[in-house]
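Quick note on labels: first sequence line is chain A, next is B, and so on, each numbered from 1. Keep in mind it's a predicted model, so treat the numbers as computed, not measured.
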There are 2 protein chains.
Amino acid sequence: MTAADLGPEGTRPPPTRRRPGGRTARIRQQVLDAVVAELGEHGYDGLTTDAVAARAGVHRTTVYRRWGDVGGLLADVFDAASDDDWQPPDTGSLESDLAALNQEIHAALTARPSVVTALIAASFRSEKAAQAQQRLWEDRYARCEVIVSRAVRRGELPPRTDARRLLVAATAPLYHQLVLLRTTPDPHMPGQAARTAALAAAAGAFTEPPSTRGA
Amino acid sequence: MTAADLGPEGTRPPPTRRRPGGRTARIRQQVLDAVVAELGEHGYDGLTTDAVAARAGVHRTTVYRRWGDVGGLLADVFDAASDDDWQPPDTGSLESDLAALNQEIHAALTARPSVVTALIAASFRSEKAAQAQQRLWEDRYARCEVIVSRAVRRGELPPRTDARRLLVAATAPLYHQLVLLRTTPDPHMPGQAARTAALAAAAGAFTEPPSTRGA
DNA sequence: TGTTTAAAGCAACGATTGTCGCACTAGTGG
DNA sequence: CCACTAGTGCGACAATCGTTGCTTTAAACA
């Protein structure tokens, strides 16, 4: 099994001449588009390598050889997704920024078909996909930290506010309710969660003392 | 216990006489134990009907006939899990109750191997398992509402506090960080999340107005 | 104790999944 | 323009998954 991967060219020296040519990139795009389309139509359960290859107009073997398994396929989708120019909303206040952010999350999670939900589900199956998803989320939350820094600059929040914890507190309830608990979507859930986090932040829940423990 | 005798809801012809006898219940227990053991050892990816049947000392066909697919198997595990006598912690204050609850969640999610995480992952694959998980979570959060009502009785919280939202706000960050984001576990994450929720609650973030608030 | 009959065991099957060797296409560089 | 070769197409293969008809076991009841 592993010996096959480590075959003659398995050593794979980094300076190997690769082919950035048109066909490789084109097929990659076709396959990735097919994955997203299949995820949207049949969810993760119905995501088979065969269907992806057929939709992409590519042979099964190509998919298996380049991406290995479904997990590698999903990991590539995650990596491709982080190549956009998404920016967190900038509405003028902390709570409305968080509310707008939550609105986006809510929309993405309740859209039918929800590719996001399917991707989250898929990330549980493969370690590669999970790591890629982790990278994507890290990237997203890092971009969102500007929301907090703007609020600090405005004087809405004290300095030394832990941006990451604030953002997680604001967004986690949505993911929890919609992804894990699977409760019916509530239109004013995003606003409520944003308000809750803003209130907690104003109460100093996320100010990080240099070394003092919270509890 | 009564639910344990009925087995999965898959095949239940109403007028047919069932067999609550020893063998049926015994085999169910063997199979369910095998599922949990396999989940712990190999995670959800390595959960095959064959391995479960072999470990339980049962034939494949039996598993397929009684539980249908892996999803039905997991659903039965969820249903069996809700037959315990779990009670939320009662430590004397809202924040410490939430912290203790979060400690339990944290321990369950960071235990290796984590059956809970594997079950969550599995629930994404099958509709039946997802519904069973939803029932289990509903049961757990319903039991936890007494934490809030006790706090209200003590005067820590105003009446008309939305218990469910408060509980979700307190626990969601843990699930988000450990299950979805997969960040490295932080020992004082449970306490921080509990304190955040308690602060937000004290600030009136979860007080629900008498009537559903308009736009 | 003997009869009845759910439920489990058993073996064989079709369908699907993933792998391998080889031929071929099409970028890449001369 | 031609030679080279990474990457793809193709067909066949083993392994696994889930199903089906039938037989056997054992719980339920007289």
Side-chain angles (χ1 to χ4, degrees), chain A residues 1-32 34-35 38 42 44-74 76 125-126 128, chain B residues 4-32 34-35 38 42 44-74 76 122 125-126 128:
Chain A
M1 316 286 181
T2 53
D5 279 310
L6 300 172
E9 67 275 9
T11 54
R12 187 157 310 200
T16 307
R17 304 208 318 272
R18 305 217 120 230
R19 287 198 173 195
R23 187 165 70 159
T24 300
R26 187 191 337 130
I27 284 186
R28 174 173 183 254
Q29 198 55 48
Q30 289 173 2
V31 171
L32 261 50
V35 171
E38 286 288 319
H42 311 294
Y44 177 67
D45 309 353
L47 185 70
T48 65
T49 313
D50 235 346
V52 169
R55 181 188 281 260
V58 173
H59 203 264
R60 293 214 320 270
T61 333
T62 301
V63 178
Y64 281 118
R65 270 200 266 255
R66 283 189 56 176
W67 287 276
D69 54 355
V70 186
L73 218 41
L74 272 308
D76 206 15
R125 284 296 297 274
S126 161
K128 279 183 292 185
Chain B
D5 294 332
L6 290 175
E9 78 291 352
T11 58
R12 191 175 302 186
T16 311
R17 297 185 35 70
R18 308 278 303 177
R19 287 198 171 194
R23 187 166 70 159
T24 300
R26 188 191 335 131
I27 284 187
R28 174 174 185 254
Q29 198 56 46
Q30 288 174 2
V31 171
L32 261 49
V35 171
E38 286 288 320
H42 311 294
Y44 177 67
D45 309 353
L47 184 70
T48 64
T49 312
D50 236 346
V52 169
R55 181 189 281 261
V58 172
H59 204 265
R60 292 215 319 270
T61 327
T62 302
V63 178
Y64 279 118
R65 271 201 262 257
R66 282 190 57 176
W67 288 276
D69 55 355
V70 186
L73 218 41
L74 272 307
D76 205 17
R125 285 295 298 274
S126 160
K128 279 183 293 187

Inset, instruction - Round to a whole Å and report the spacing from CZ of A:Arg66 to P of C:dT19. - result: 17 Å

Inset, instruction - Measure the shortest side-chain to side-chain distance between A:Ile27 and A:Gln30 over non-hydrogen atoms and say whether it is less than 4.5 angstrom. - result: yes

Inset, instruction - Compare side-chain N and O positions of B:Thr49 against OP1 and OP2 of D:dC17 and report whether any pair is under 4.0 Å apart. - result: no

Legend entry - OP1 or OP2 of C:dA7 under 4.0 Å from side-chain N/O of B:Arg65: no

Legend entry - B:Thr49 and B:Trp67, any side-chain heavy atoms less than 4.5 Å apart: no

Inset, instruction - Can you tell me the distance, in whole Å, between the CZ atom of B:Arg28 and the C1' atom of C:dA8? - result: 17 Å

Legend entry - Nucleotide D:dG9, atom P - distance to CZ of A:Arg60 in whole Å: 12 Å

Inset, instruction - Check the distance between C:dA8's C1' and B:Arg26's CZ and give it to me in whole angstrom. - result: 11 Å

Inset, instruction - Could you tell me whether the phosphate oxygens of D:dG9, OP1 or OP2, come under 4.0 Å of any side-chain nitrogen or oxygen in A:Thr61? - result: no

Inset, instruction - Output yes when A:Arg66 and A:Asp76 qualify as a salt bridge under the 4.0 Å nitrogen-oxygen rule, no when they do not. - result: no

Inset, instruction - Tell me which of B:Gly57 and A:Asp50 sits closer to the 5' end of DNA chain C, going by the nucleotide each one is nearest to. - result: B:Gly57

Inset, instruction - Please name the pair of heavy atoms, one in A:Ala53 and one in A:Val63, separated by the smallest distance, quoted to 0.1 Å. - result: CB-CG2, 3.9 Å

Legend entry - A:His59 NE2 to D:dC10 C1', straight-line distance once rounded to whole Å: 5 Å

Legend entry - Nearest-Å distance for atom pair CG/P, residues A:Asp45 and C:dT17: 13 Å

Inset, instruction - Respond yes when some side-chain nitrogen or oxygen of B:Tyr64 is under 4.0 Å from OP1 or OP2 of D:dG18, and no when none is. - result: yes

Legend entry - Rounded interatomic separation in angstrom, taking CH2 from A:Trp67 and P from C:dG18: 15 Å

Inset, instruction - Give the rounded distance in Å between these two atoms: CG of A:Asp69 and P of C:dT19. - result: 8 Å

